Participant: 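So that we are looking at the same thing, I have put the structure below in structure tokens.
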Amino acid sequence: MVVLCLEGMVIIMDEKKTIFSGIQPSGDLTLGSYLGAIKNWVELADEYECFYCIVDMHAITVRQEPQLLRKRTLAQLAQYIACGLDPEKNTIFIQSHVPAHAELAWVLSCYTVFGGLSRMSQVKDESAKNADNINAGLFTYPSLMAADILLYQADLVPVGSDQKQHVELARDVAGRFNGVYGDVFTMPEVFIPKVGARIMSLTSPENKMSKSDKDPGGCIYIMQKPEEIMRSFKRAVTDSETCVRYAPDTKPGVSNLMSIYSVASGKSFSEIEAEFEGRGYGDFKLAVGESVVELLRPIREEAERILADKAYIESVYKTGAQRASYVAEKTLRKVYKKVGFVQK
Ligand code: TRP
């Protein structure tokens, strides 16, 4: 709680916890990132102080086509807003617009041990996928991510399970730094929202829906055309049982389609089971596809409208960068002072 005294008035504010998360602009947002992440972010705005970053600096750890990276960064911003993230209530910004990220990352890299970075599975996976370009940025990627989180003194970091290890590393670095210099950084924690859907690939339902899925039919993008969405749902993997029943371990394909249908239509699993009692998978897949088309239609149309409004987009990312810089600079100044840099 913070007590402020302003011209004789006493204002008591409940200090909100801070949330930080980021998504790389390395492709269009997927139905999985919408239902599993962004849809939840929308609900958090009143209760928390939220920072959402488009992490373009992380994206260049693998080769990007410059024009495409620029286009995707702006498209991602438009898509965030179209998904319901209100830029007035949330700080939405582009990582490279706030130089403090690169500056703190350097300092933190001097407090990150080599062995810790070598153990990161994403470093190993990405190195295996990009054998011709295993660059130093790929290796120190987690230091930059730690800087992202620690600059804003984030309490909570909503991420998927694949990112837990990186948040752990950020905690290690924060702990090491605080151990030497006193309480500089807030200790961040992984945040698993109360409601959240883990959406799996439509063609290999044991894996998370991901834009890096080798089979393009496995992933639905929020900007995709209705015909393409329907085509992917018609081809979705099910099982040989012909029975719509929720059993993630034995019926991963059908259960995944049920999760998607449930979030898109608001129906419970038992309502869905009753609706498709005695009907084939063909009908079921059509219904799921149609519900997703209707769910995404207004988002796609709104994103297209926002993207066409260049002045608005620019005002959002400029305001976002200003607000983010204000907080980030404060932390960076403190860190520079602690490590012994001369004040400029
Ligand atoms: N590494 C994350 C991913 O690939 C993206 C990311 C970068 C991030 N910085 C972050 C996520 C800070 C949460 C907090 O998905």
Side-chain angles (χ1 to χ4, degrees), residues 17-30 32-34 36-38 40-41 44 48-62 64 69 72-73 76-77 79-80 85 90-98 100-105 108-109 112 116-117 120-127 129-130 137-174 185-193 196 198-199 207-213 219 320 324 327-328 331:
K17 286 200 167 173
T18 300
I19 284 192
F20 184 97
S21 198
I23 297 187
Q24 295 192 39
S26 51
D28 270 328
L29 291 178
T30 68
S33 44
Y34 172 56
I38 302 161
N40 297 312
W41 295 359
L44 302 172
Y48 300 93
E49 186 69 47
C50 300
F51 293 87
Y52 297 114
C53 184
I54 301 176
V55 290
D56 54 349
M57 290 162 67
H58 278 110
I60 63 159
T61 53
V62 299
Q64 301 287 340
L69 179 62
R72 281 174 170 165
T73 303
Q76 189 164 315
L77 184 70
Q79 289 166 26
Y80 275 178
L85 264 196
N90 301 277
T91 302
I92 307 175
F93 69 105
I94 300 169
Q95 190 182 29
S96 63
H97 288 182
V98 181
H101 289 250
E103 295 173 283
L104 183 63
L108 295 182
S109 73
T112 310
L117 290 174
M120 295 287 113
S121 24
Q122 193 170 351
V123 171
K124 289 186 208 155
D125 295 351
E126 291 295 322
S127 307
K129 275 194 262 168
N130 301 282
L138 208 53
F139 189 64
T140 56
Y141 179 114
S143 300
L144 178 60
M145 180 159 159
D148 297 342
I149 297 168
L150 301 179
L151 272 177
Y152 300 92
Q153 308 288 358
D155 299 283
L156 303 168
V157 186
V159 282
S161 52
D162 57 321
Q163 294 296 317
K164 276 188 184 163
Q165 216 185 12
H166 287 160
V167 180
E168 274 306 313
L169 186 126
R171 288 171 59 88
D172 288 348
V173 178
F185 296 123
T186 302
M187 212 34 113
E189 263 170 59
V190 170
F191 178 63
I192 314 282
R198 188 169 149 82
I199 306 300
N207 301 319
K208 192 171 122 175
M209 181 180 283
S210 154
K211 53 194 166 196
S212 54
D213 199 330
C219 185
V327 182
T331 305

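What you are looking at is a predicted structure, and each value in this text was computed from that prediction instead of being measured. Both counts, for ligands and for their atoms, begin at 1 and track the order of listing.
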Participant: Which of these, Gln165, His166, Glu168, sits in a side chain to side chain contact (heavy atoms under 4.5 Å, CB included) with Pro142?
Facilitator: His166

Participant: Return yes if a side-chain donor-acceptor contact under 3.5 Å exists between Gln122 and Asp162, otherwise no.
Facilitator: no

Participant: Just by modelled atom types, is the Leu151 backbone N or O under 3.5 Å from a matching donor or acceptor in the Thr331 side chain?
Facilitator: yes

Participant: Side chains of Gln24 and Gln76: donor-acceptor distance under 3.5 Å anywhere?
Facilitator: no

Participant: Just wondering, are more than 12 heavy atoms of other shown residues or ligands nearer than 6.0 Å to CG in Leu69?
Facilitator: yes

Participant: Between the side chains of Thr30 and Ser33, does any donor sit under 3.5 Å from an acceptor?
Facilitator: yes

Participant: Show the protein residues that qualify under the rule heavy atom under 4.0 Å from an atom of ligand 1, listing them in chain and number order.
Facilitator: Phe20, Ser21, Gly22, Gln24, Val55, His58, Gln122, Tyr141, Met145, Asp148, Ile149, Val157, Val159, Gln163

